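Report on one structure; see the data block that follows.
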Amino acid sequence: RTVTPAWILAQFKHSSFRHQEPTLDQCWTGLAHPSQKRKAAPDTRNKGGGWIQKSRNLHEFAPVTVVKASSVDNPMILRIHQAKKKRIQSQQSSSSGGDSVGVVKNPPLCNRGRNEGISNMLKQLSNLHLECPLGTMDHWRAYHYGLMAGRVKQLDFEIVDERVLPRLQHIQGFGDSIRNKIKEYLQTGTCQKIKELERDPYRKAVQSMIKIWSIGPIKGKELVELGYRTIRDVRKGLSRGELDGLSANAKIGIDCYEDFEERMSRSEVSQIGDIVIRTCRQVLPGAEATIMGSYRRGLPNCGDIDVLILHPDFVETTPKGALGRLIRMLHQSGHMLHDLTSVDGMTAGGNGTELQSESDDSVFHSRSSEIEGQGETSMGLQKYGHYHGSSSYMGVFASPTDAGKRRRIDIKIYPYQERAFASMYFTGNGDFNRSMRLWSSKARGMTLNDHGLFPNGTDFANGKESVDKLKGASLPAATEEDIFELLGLEYRAPSERDSFDAIVEKSTSQPVAIVELDKGEIHHEMKHIWID
DNA sequence: CGGCAGCGCAC
DNA sequence: GTGCGC
DNA sequence: GCCG
């Protein structure tokens, strides 16, 4: 199964295609652009950490052996490449074979706008199944429809005639069902399935329940079976005391139902961000706080706001209780209205010991388990101890621009050494992250998450606590670019990370790097990287 | 027929 | 462990 | 819903 349809995007390279980087304000963050930020990165502080300072050749630091795909003794990798070769061949033969009827060849646009009608239809189908998954089947239907909605947009031809269908057959992901729906769309301009799903009153009711934040398919179905059909019903039930069993978060979700549906302008997001960032600097001098998510990807409007906090003095740890202090201050200033999660240090006191929301049985290195340690070098940081791991907060923020409106906000703090991975994850989008992680695991044999990139076979990847911390360590990356490099992928700017297919192997003709791990080898490499 | 990312928090 | 969200 |  090919994760990366490089063969689709490759066609763009030989055309007049040029990606126009949007000049939207603040689409940039130092995390992503090594050329500008690298010099400033305080790698030198981390004497014990040994961070790589610049992007280097994979072999220089990664415990990775490079093997020709054809000689790899790994059935998964083999299958991926054989399937890919087959598709490329059939693609070539079908395009040279004069079956260009029904195809309008256009110079590719900037990755969007093509086949928009069909894409929208598939997106609708995805949403209808996503918002109302009545069985577990629907979840994956929605997933696949969503992927294909993205993929039709990246084709190098416009689908205007059903004679193009045989050609679609060669493109991965377009099976019978989807091709038939495209056929129907070409003939009638609509899709009966969509109409049918939209008509279904049960689905419709579940759908409106699911739109309540913290209500998913299970609780949604429950509510509908209890007789609730609309948000009004639910509110009525709540006031009558029929729904006391709902979680605290569900009550907030019900209260903010309309507000959470709405999207914000970039300027509102940036103003909220300023408030959070300013407060953050007061609470934690020297902190680097950045707005992530769709804002960083440059979208014209955003559904929520994501803020990532880092501090260069906390390389392997995070300042204990700092996130809680920040939240507390935002509450006091009236900006933060509700908490959807609790965080250490959030309630009074402020030394970060009163709330034990983080469990001690967490298994992984660099995640949990408090360590002793005081004494910061910087004056303002003296109040903070070290917490071994990241923490995240979800809450509800009062709009500074639209009085009375309530906005979803996520704030996360990570150890500085995880900054590249955290910013990748927090930038998204969701499909892009899933694609990247699938690629990591299936093509590279590594596990990617917001904390690092872990060669499979290590203790981390096996979900075990490491006695020897080195065995659980991530491959190091100081910038997002390094992560792409480690995975052998073309770099993608945040604004380009907009789909599952936005991931492209660095040079398709080059050998494929896969991980051939040996426990001792990993240990040795890690030692080299982290201590040397 | 199994897989489709990988994780943290609330309950 | 399940449900939910990111 | 599609793939292997």
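Just so you know, these numbers come straight off a predicted model, no measurement behind them. Lettering of chains follows the sequences in order, A, B, ..., and the numbering in each one begins at 1.
For the OP1/OP2 pair of dG3(B) and a distance below 4.0 Å, the side-chain nitrogens and oxygens of K442(A) include no atom meeting the criterion. Taking only side-chain nitrogens and oxygens, S342(A) comes nearer than 4.0 Å to OP1 or OP2 of dA10(B). Close to dC4(B), at under 4.0 Å from its OP1 or OP2, lies no side-chain N or O of W439(A). Contact annotation: R434(A) side-chain N/O to dA5(B) OP1/OP2 distance is under 4.0 Å.
If you take CG of N180(A) and C1' of dC2(D), they are 14 Å apart, rounded to a whole angstrom. In this structure, L340(A) places its CG atom 12 Å from C1' of dC4(C), rounding to the nearest Å. One atom, CG of D339(A), and another, P of dC11(B), lie 12 Å apart when rounded to the nearest Å. What separates CE of M446(A) from P of dG6(B) is a distance of 13 Å, to the nearest Å. Distance I409(A) CD1 to dG5(C) C1': 16 Å, rounded to the nearest Å. Atom CZ of R444(A) is separated from atom P of dA5(B) by 18 Å (rounded to the nearest Å). Rounded to a whole Å, the CG atom of D410(A) is 12 Å from the P atom of dC9(B). Following rounding to the nearest Å, M424(A) (CE) and dC6(C) (P) show an atom-to-atom distance of 19 Å.
Contact of Y425(A) with dC7(B) (side chain to base): no donor-acceptor pair of N or O atoms is detected under 3.5 Å.
Under a 4.0 Å N-O distance rule, the pair R235(A)/D233(A) does not qualify as a salt bridge. D344(A) and K320(A) are joined by a salt bridge, as a carboxylate oxygen and a charged side-chain nitrogen come within less than 4.0 angstrom of each other. A salt bridge is absent between D339(A) and R328(A): the closest approach of a Lys/Arg side-chain nitrogen to an acidic carboxylate oxygen does not fall below 4.0 angstrom.
H386(A) and F314(A) have tilted rings, their planes meeting at an angle from 30° to 60° on a 0 to 90° scale.
Annotation: dG4(D) and dA5(B) have their P atoms spaced 16 Å apart (nearest Å).
Side-chain contact, S423(A) with E480(A): a donor N or O sits under 3.5 Å from an acceptor N or O. Side-chain atoms of E184(A) and Q192(A) include no donor-acceptor pair closer than 3.5 Å.
Contacts with DNA chain C (heavy atom under 4.0 Å) in residues 245-259 of chain A: none are found.
Between the W213(A) side chain and the N249(A) main chain, no donor and acceptor come within less than 3.5 Å of each other. Using a distance-only test at 3.5 Å, with no hydrogens or angles considered, no donor-acceptor pair links the side chain of S435(A) to the main chain of D431(A).
Here dG8(B) is the nucleotide among dG3(C), dC6(C), dG8(B) with the atom lying nearest to any side-chain atom of H451(A). Comparing dC2(D), dC6(C), dC7(B) against the side chain of N449(A) picks out dC7(B) as the nearest. Residue I218(A) has its side chain nearest to dG3(C) when only dG3(C), dC9(B), dC2(D) are considered. For Q172(A), the side-chain atoms get nearest to dC3(D) when compared with the rest of dA5(B), dC3(D), dG5(C). Side-chain atoms of W140(A) lie closest to dA5(B) of the nucleotides dA5(B), dG3(C), dC6(C). When each of dC6(C), dC2(D), dA10(B) is scored by its nearest atom to the side-chain atoms of T341(A), the top-ranked nucleotide is dA10(B). Listed candidates were dC7(B), dC2(D), dC6(C). Nearest to the side chain of S177(A) is dC2(D).
Checked options V269(A), V276(A), L340(A); the residue passing with I409(A) is V276(A) (criterion: side chain to side chain contact (heavy atoms under 4.5 Å, CB included)).
Using a 4.0 Å heavy-atom distance criterion, S440(A) is classed as making no nucleic acid contact. Within 4.0 Å of R179(A), counting heavy atoms only, lies no atom of the nucleic acid at all.
Across the interface with DNA chain B, nearest-nucleotide mapping of M394(A) and N433(A) shows N433(A) to be the residue nearer the 5′ end.
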